[in-house]
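Step one of this worksheet: look at the structure below.
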Amino acid sequence: MRQFTTGDLNKQVGDVTDAAAREPVVLTKHRKPRFVLMSYEYYERMRTGGDPRTAHRVSDMPEEHKELFAAAIDRLARGEGYDDVP
């Protein structure tokens, strides 16, 4: 998570808000975290619990996901990137 000072917010509002559009950013004051700035969409997902992502333990992972995961690991082991077509 990126950090900016409250002074940065005053001087570089465009840079700070651009960063907050991508992910929440921490605003510090006197070197201590004081605020978090985030996009409204991110806030709504947090507030409503509408984030569709799910975390699984590997042992509890659905079989379909295990296969996709194993295939992705194999591709990375061969030096292929995330955007490469398998």
Side-chain angles (χ1 to χ4, degrees):
M1 190 178 301
R2 291 191 61 185
Q3 291 189 10
F4 294 92
T5 66
T6 53
D8 293 335
L9 181 59
N10 290 327
K11 296 174 191 170
Q12 304 169 344
V13 69
D15 292 341
V16 176
T17 56
D18 285 349
R22 291 186 293 279
E23 66 177 341
V25 297
V26 174
L27 298 176
T28 62
K29 188 171 185 175
H30 303 295
R31 298 182 184 166
K32 294 182 181 176
R34 300 290 183 187
F35 308 97
V36 175
L37 182 65
M38 65 185 74
S39 70
Y40 185 76
E41 292 81 12
Y42 190 92
Y43 166 75
E44 279 296 308
R45 282 196 314 265
M46 283 182 49
R47 189 179 69 77
T48 62
D51 191 343
R53 297 176 293 181
T54 305
H56 298 278
R57 295 176 194 257
V58 174
S59 60
D60 298 334
M61 189 181 291
E63 195 60 40
E64 169 186 342
H65 293 179
K66 287 180 187 177
E67 292 169 8
L68 292 170
F69 186 71
I73 294 295
D74 288 342
R75 281 196 308 277
L76 290 172
R78 290 192 304 269
E80 298 172 8
Y82 289 98
D83 294 331
D84 294 343
V85 177

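On a predicted model such as this, the values are computed, not experimentally measured, just so you know.
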Measuring from atom CG of D18 to atom CZ of R2, what distance do you get when rounded to the nearest 0.5 angstrom?
9.5 Å
Mind checking what makes side chain to side chain contact (heavy atoms under 4.5 Å, CB included) contact with E67, not counting sequence neighbours?
E63
Summary of side chain to side chain donor-acceptor pair (under 3.5 Å) pairs that have at least one residue in residues 19-31, sequence neighbours excluded
none
Please name all residues satisfying side-chain hydrogen bond (donor to acceptor under 3.5 Å, both in side chains) with E44, sequence neighbours left out, ordered by chain then number.
Y40, R47
Residues forming a side-chain hydrogen bond (donor to acceptor under 3.5 Å, both in side chains) with D8, sequence neighbours excluded:
T5
Return the minimal non-hydrogen interatomic distance between M1 and P24, and the atom names on each side.
CG-O, 3.0 Å
Under 4.5 Å side-chain heavy-atom separation, chaining through any Ile, Leu, Val, Met, Phe, Trp or Tyr, what else clusters with V16? Say none if it is isolated.
F4, L9, V13, V25, L27, F35, L37
Among all residues two or more places apart in sequence or in another chain, which pass the side chain to side chain contact (heavy atoms under 4.5 Å, CB included) test with P33?
V26
